[in-house]
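In what follows, chains carry the letters A, B, and so on, assigned in the order in which the sequence lines appear, proteins first and then strands, with residues in each chain numbered from 1.
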6 protein chains.
Amino acid sequence: MNVVMVDVSGKPEVFREATATGLIRLKPETVKLIKECKIAKGEPLYTAKIAGILAAKETSALIPLCHPLPLTNVEVEVRIAGKSGVEVTATVKTKAQTGVEMEALTATTVGLLTVWDMVKQYEKDQAGQYPHTAMESIRVVKKVKEGVTGERKRKKA
Amino acid sequence: MNVVMVDVSGKPEVFREATATGLIRLKPETVKLIKECKIAKGEPLYTAKIAGILAAKETSALIPLCHPLPLTNVEVEVRIAGKSGVEVTATVKTKAQTGVEMEALTATTVGLLTVWDMVKQYEKDQAGQYPHTAMESIRVVKKVKEGVTGERKRKKA
Amino acid sequence: MNVVMVDVSGKPEVFREATATGLIRLKPETVKLIKECKIAKGEPLYTAKIAGILAAKETSALIPLCHPLPLTNVEVEVRIAGKSGVEVTATVKTKAQTGVEMEALTATTVGLLTVWDMVKQYEKDQAGQYPHTAMESIRVVKKVKEGVTGERKRKKA
Amino acid sequence: MNVVMVDVSGKPEVFREATATGLIRLKPETVKLIKECKIAKGEPLYTAKIAGILAAKETSALIPLCHPLPLTNVEVEVRIAGKSGVEVTATVKTKAQTGVEMEALTATTVGLLTVWDMVKQYEKDQAGQYPHTAMESIRVVKKVKEGVTGERKRKKA
Amino acid sequence: MNVVMVDVSGKPEVFREATATGLIRLKPETVKLIKECKIAKGEPLYTAKIAGILAAKETSALIPLCHPLPLTNVEVEVRIAGKSGVEVTATVKTKAQTGVEMEALTATTVGLLTVWDMVKQYEKDQAGQYPHTAMESIRVVKKVKEGVTGERKRKKA
Amino acid sequence: MNVVMVDVSGKPEVFREATATGLIRLKPETVKLIKECKIAKGEPLYTAKIAGILAAKETSALIPLCHPLPLTNVEVEVRIAGKSGVEVTATVKTKAQTGVEMEALTATTVGLLTVWDMVKQYEKDQAGQYPHTAMESIRVVKKVKEGVTGERKRKKA
């Protein structure tokens, strides 16, 4: 059985961009606490942005077959989405021989995990379990390769 | 605005265990290729297991307020779930002053990202977009603290 | 010529705490922009806290002869200090065989570097140089070993 | 509140160079021990050079909004500066879309921290505190961008 | 005493490729277990491939004077070599100012270490020692620089 | 196909020690240059010690199924071995639920790789190949578990 990193040696370095998004479902009480800046551990939205940006840069160390890429921009937006959700959206850019959708997805998921970590004390039930919390609908919503653009409709959270 | 790592200095070191799970939705054709061992980049299920185990050990480097913990076990299961999904389930154990749900979630999400990366050539449409692929239902299904156990019913994928 | 990590195998694991502090001198105009939340790259004080916490956990990967330690708490305070400075103070705790002053110093310096990075566009002169910016007075202000406490007067910035 | 990595996608890749410097103040007795090669843990100056070089390469993993850059050279000088100091000077080069002053500063500070770690047993007082030790005057002394050079007078230590 | 990273700032970016190989000697019984897929910890050959690929990407973080390079391909082959050996061969490619033989060697050695780790329970004697296990003959078998190719005869294991 | 990290949750934390060793074969001219401190890149023996110590701490990030362990000591010796070799020997200690032979082996191999990197300009032939250079005989020479000691005769290099 083989495992193969794609050989991109012969490919041209062109501009690449990818946007991924995802949602974490929380209890409405937790979302209210976030809105009111009452989360004891800090500000989850801002912290998630920073964690997401840092994670994008670690993608090739986390995903075995990803190439190390010279990212020229990482942008992570984190916003409250309705009464019981927080949405993370990450856009990554590079000029390279392969795309950056895995970087955008990694930034998104680490952003969501960071939100979870910061609010977990409010999400736990009395048995220490998380019956309400879940990360959902993590997907690539846009991928751009110099000259070729595609965009996929994003559903509202 | 403050940001606060929980001070666990005074807490006893007790056995901790957490299990997280999540799903990646793929095209049925892609799942069929996985079953038939025809994925060009390698074996996604096994690769995801290894990436998930390694990621669990990087949790405190990725999630800003997580404590570095001496993990005593990480187990990652990856299986085909129905006609259009792959499910990752990660269980992490430690003897420590705080729980390991973030480690289990990190292993799960990096496992799912690794599956995505390995099959992405089959999931892309002609415009290079991923209309079918999504990571769903990432959640903690079990958390154990020495003496106190809780378990939450897992829905079938 | 030899290089020797201190062998702490025979030492008891006791509670340890250390606090380090340091200052970055900035132009008064830059400090004013920070106060007014007008730094284009984001909020330097909060970002520095997160970067400092993460850096504390990387200490043994950065400083060759440091031991990897199971940190039980990292706290990083960042505050404006007078008209032309920002002060970072980091406190690290563990139960281990050796102290955590290097962890506190690492958190402090990476916190200061992060402030620099976030405001550097306002600190540069027309030749692209930094005649005003400097990190100063980085030191350990408190070190605690279970039973033995010491504290050193901190000068006002 | 937003956090923004500068988007350098449209910038040309040009030669960049930056030099940073800083000082660690030590007890004269400690500096004497360094000169006489009597530091028990090893050779602080050489070890600091290596730690500084390695740290330059980790800059974008430590400083949240730094871009990952393909460094073409890192040079770290460490020298005794007067009777009670050690000076670290780091020069970093790249061909990239953004400058390398943060890399030079990171190499410098980790070099200084490494010196501290190696001599800390001689700097501690009887209460285990460090009344004499401090890192001072860490700053960028030169920044070069292809065609544009600036240099700032360095004060003698 | 100085330590010097080679300054490659002025060198052109050209295609580079290097292949390294090495052998781990195991007990014939262990090799038989590998062939029969009976290793309790998993599939050593596949796991070694993944670990080797990931390690290639960490080369500049492990070897102090290596430059960070944008690898365009890493390929790791792991095969049973005779009755008592497993051979790892790694090929790394880049377009850069310096060669990738250290990356190929790092991938090879971490691949071999991974094999060791996975079979170590079968290699230990009753005193917990490894009288039979050894990594041998780790070397560079091919190095290519755009236009200039060399190859060295590889001995059969 | 499964991959299984050994579950050490139920094991007692006891003192562990392991020593590994290995050799790099070099041209006699290169060994002479090392002896005379004429290697342009710096001092290979000292640099290898530091790289080896740092690598021991990264073992669980490199070898997929290794547990993260709180190392209490890492000692790396590097010496010239005869006319055409350099020998690296690494000893690692911990108090943990599993042994540290992989840490000792990782320190040894990264130490050897660092020697290679520092002298490679003298080892290359005119075609840019390395016909003489090889890492040999990397093995565990001693493994200690509290109460149980074993030692294996080491052959002279």
Side-chain angles (χ1 to χ4, degrees), chain A residues 1-6 22 24-25 37 40-43 46-47 50-51 54-55 58-59 61-66 99 101-102 105-106 109-110 112-114 116-118 120-121 124-145 148-152, chain B residues 1-6 22 24-25 37 40-43 46-47 50-51 54-55 58-59 61-66 99 101-102 105-106 109-110 112-114 116-118 120-121 124-145 148-152:
Chain A
M1 194 174 53
N2 216 357
V3 57
V4 180
M5 192 188 231
V6 176
I24 180 167
R25 298 214 172 272
C37 293
K41 291 177 85 170
E43 216 293 69
Y46 195 79
T47 311
I50 295 170
L54 282 162
E58 296 305 312
T59 303
L62 292 169
I63 313 295
L65 304 182
C66 279
E101 61 266 55
M102 294 317 302
L105 285 162
T106 301
T109 53
V110 172
L112 292 167
L113 289 169
T114 299
W116 191 317
D117 179 53
M118 293 194 69
K120 64 180 196 263
Q121 66 194 97
K124 268 184 218 174
D125 66 14
Q126 291 199 324
Q129 307 301 311
Y130 297 94
H132 302 288
T133 328
M135 288 160 53
E136 300 284 356
S137 203
I138 301 168
R139 58 208 195 285
V140 176
V141 287
K142 185 180 169 186
K143 210 189 145 191
V144 178
K145 187 176 158 183
V148 191
T149 306
E151 192 153 351
R152 176 181 157 220
Chain B
M1 194 176 53
N2 215 357
V3 57
V4 181
M5 193 189 231
V6 175
I24 181 166
R25 297 213 174 273
C37 293
K41 290 177 85 171
E43 216 293 68
Y46 194 80
T47 310
I50 294 171
L54 282 162
E58 296 304 312
T59 303
L62 292 169
I63 314 294
L65 304 181
C66 278
E101 61 267 53
M102 294 317 301
L105 285 162
T106 300
T109 53
V110 172
L112 292 167
L113 289 168
T114 299
W116 191 317
D117 179 54
M118 292 192 71
K120 66 181 197 263
Q121 66 195 98
K124 268 185 218 173
D125 66 14
Q126 291 199 324
Q129 308 299 310
Y130 298 94
H132 303 287
T133 328
M135 289 159 53
E136 301 283 355
S137 202
I138 301 168
R139 59 208 195 284
V140 176
V141 287
K142 185 179 169 186
K143 208 189 147 192
V144 178
K145 186 177 160 183
V148 191
T149 306
E151 191 153 352
R152 177 181 156 220

- Item | Side chains of A:Tyr46 and B:Val3 in contact at under 4.5 Å (non-hydrogen atoms) | no

- Without swapping roles, check the side chain of A:Glu136 against the backbone of B:Glu136 for a donor-acceptor pair under 3.5 Å. no

- Message: For A:Ala40, which atoms come within 4.5 Å of any heavy atom of chain B: side chain, backbone, both, or neither?
- Response: backbone

- Mind checking the CG-CE spacing from A:Asp117 to B:Met5? Nearest 0.5 Å is all I need. 9.0 Å

- What part of A:Cys66 gets closer than 4.5 Å to chain B, counting heavy atoms only: side chain, backbone, both or neither? both

- Under a 4.5 Å heavy-atom cut-off, does chain B meet the side chain of A:Gln121, its backbone, both or neither? neither

- Task: Measure the CG-CG distance between B:Leu113 and A:Leu105 for me, rounded to the nearest 0.5 Å.
- Result: 6.0 Å

- Hey, are the side chains of A:Lys143 and B:Lys124 touching, using non-hydrogen atoms and a 4.5 Å cut-off? yes

- Note on the structure: So, the part of A:Asn2 with a heavy atom under 4.5 Å from chain B: the answer is backbone

- Which distance, rounded to the nearest 0.5 Å, do you find between the CD1 of B:Ile138 and the OG1 of A:Thr133? 13.0 Å

- Against chain B, label A:Thr109 side chain, backbone, both or neither, depending on which of its atoms sit under 4.5 Å from a heavy atom there. side chain

- Note on the structure: Between the CD atom in A:Gln129 and the CZ atom in B:Arg139, the distance rounded to the nearest 0.5 Å is 12.5 Å

- Task: Taking all heavy atoms of A:Ala51 and all of B:Leu62, pick out the closest pair and write down the distance.
- Result: CB-O, 4.0 Å

- Task: Tell me, for A:Thr106 versus chain B, whether the close heavy atoms (under 4.5 Å) come from the side chain, the backbone, both or neither.
- Result: both

- Message: Distance check, rounded to the nearest 0.5 Å: B:Met102 atom CE versus A:Lys120 atom NZ?
- Response: 6.0 Å

- Item | CG-NZ distance between B:Leu65 and A:Lys41, expressed to the nearest 0.5 angstrom | 5.5 Å

